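Only a predicted model underlies this, so the values are computations on that prediction, with no experimental measurement involved. In each ligand, atom 1 is the first atom listed, and ligand 1 is the first ligand listed.
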Amino acid sequence: MRRLLFVFLCLSAFALAQQKNSGDELPKLQHLSADQVNLQIDPCTDFYQYACSKFFAANPIPPDQAGWGVAGPLLKWNETVMRQALEAAAAKKQGRTAAEQKIGDYWSSCMDESKVETASAKAFQLDLKRIDELKQKSQLVDELAHQHATIGDVWVVDDNATFAPMFGFTAIQDYDDAQKTVAQFDQGGFAMPGRDFYLNDDAKSVEVRKQYLAHVANMLKLTGESASQAAADAAVVLQMETELAKPAMDVVKRRDPKNINNKMTLAQLQKLSPSFDWQRYLALIHAPAQQTFLVTSPDFFRGLEQAIQQHPIAHWKVYLKWQLAHQSAPYLGKAFVNENFNFFNHTLAGTPELAPRWRRCVHSADNALGDALGQAYVARAFPPQSKERVLRIVKAIEGALDQDITQLSWMTDATKQQASAKLHAILNKVGYPDKWRDYSALEIKPDAYLENVHRATAFEFNRWLQKIGKPIDRYDWTMTPPTINAYYDPQFNTINFPAGILQPPFFSSEADDATNFGAEGSVIGHEITHGFDDQGRKFDEKGNLHDWWTAEDAKNYDERGKCISDEYTQEIPEAGVKQNGLLTQGEDTADNGGLYLALIGLESSLKQQGKTLETKGDDGLTELQRFFLSFANNWCEELRPEIMRTAVLTDPHSLPRYRVNNTIANMPEFARAFGCAKGKPLVHENACRVW
Ligand SMILES: [Zn+2]
């Protein structure tokens, strides 16, 4: 479990951001500028539009994007840097390093589209043949183990489920003993992004399912089925996935780690789902021997048992064939790529056009060989002085929380001491890993794209399996260096900021403090606050799921948390759905705490320079005004209605507009900065504040 900064920018399956022009030139990265402000709009009524609408008017969402914002130019910039590294490695004839051989040949195998049509199709046919030859249900385990070890990300636990056939399997820190790594079985087996997509009855959900049925049928046709067979089989797939979605744990309940901390022996799991040979599965994937397993959702595995019992082998063959085609589609020929895009990027995210091939290949290489490509990215894009300045901001914000904890009126000294100990135990990771991953055991060829993906998947799955039973490694990263995102890991008690987000407009070694603290500082504060949000506060300084709160302090905390979850429970007219504040409470708490901590950090940094928050700069803005504008600028991102709807239903982050307006409306410092009188929409009478 990790808490991200946002998912819009990394929803690669649904919304790979795109660029139309060639990637040869590096786009210019913009800093915040005062003339970006739209003076026609009252900042006290809609600060998001005040800060962002001029940008939106000048930068409409490109046709191959689900959303577009100030991070767009940075995304292009990062992609271009990666492309240049990949092209150079592919073109180099002699004396390539091991990393250059991997990324160069992977790039060549992806970019040669005609080769993909033939070579990938051949490898895919072999996979289909294996499924065709299945005779009885006892063989399901063999096929499933093979799929898990070759395609898809069975080890990646999403907020809603693991998006792999039948279920997910990974290594995770023991909730009760953070020094140990254990094996975890997770709910999964359905391809749409959350269980609500299968179960909701509103007209839009019914329509989306109709389109999903057509999509599954189209994919099955591409595997060689007749139109009538494919239509009948698609109905079977939807029925089976619905049967797996129904007993799956709801996304809100899943946020509470106590609900998913269910330890079982293998015998107990076998009793839960007797029709599946779990021992054999573990042997086939070469998982290290284990005494206990985490089973996130026992009800799901009861439901899986029923599905195995009720459906004949013929149905399971259809299901596995669909899942295989679904997971393989991005690495196959044009027909598969387009059909996959039509549903997952177009219907669910609203993107009108497919991305050019080079951008899809950049992201594919980043996903498969993150550390090898990341090394090249860091060498080109992240100098040591950037790392030093970011670390100084991190220290200033940690100091701000330290000060905040001592001053909290609602917390007793006993809990304050624990909170402070947890804060001091946080490990700050900035830019890239201290030690690069060794890919020497992974074979990459220049002309076999799907097979390269199979081998890279096997390599990464095995890397996760090898963690089981071993001591934890706090220095390992789950994001690659060029990623524009950040995360807090409650079980590792680490904050992690990839080099990809430590660039303008989020951070610049040339920008002033107010700009950097408002943008990157609020991101750093956000991640630190995750250690103390409604989820993070349940873990102690070592990462154990352990209650360190007095009953009175916990009650006070919950009251403050409820203020946040009530405030963010609201209709989202632009998405046509209601936001559940209990789903977004952790992220909203982190947004509010993060901005407050960044402000305290800025104030103390200015003090050292003999300035105050009211000091005016050359642009006519006070430090305080520039700080809030720089914060809002982070979230200048417009989204298409389809991706908004998908996000509100499945994503624990609020939409950008609310991340700005709700957060600042809780801060009297904002009203002071922009002269907002009581009664204005962005001056909340009942202002929420946790940290
Ligand atoms: Zn977050």
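Judged by the 6.0 Å distance and 45° axis criteria, K435 is not positioned over the aromatic ring of Y475. Judged by a 6.0 Å distance limit and a 45° cone about the ring axis, K387 is positioned over the six-membered ring of Y432.
R254 places a side-chain N or O within donor-acceptor distance of the main-chain N or O of D159, the cut-off being under 3.5 Å. Between the side chain of T589 and the backbone N or O of Q585 there is at least one donor-acceptor pair closer than 3.5 Å.
Taking the Zn ion (ligand 1) as reference, H526 places its N/O/S atom NE2 nearest. Nearest N/O/S atom of H530 with respect to the Zn ion (ligand 1) is recorded as NE2.
Note on E587: counted as a metal contact of the Zn ion (ligand 1), an N/O/S atom lying under 2.8 Å.
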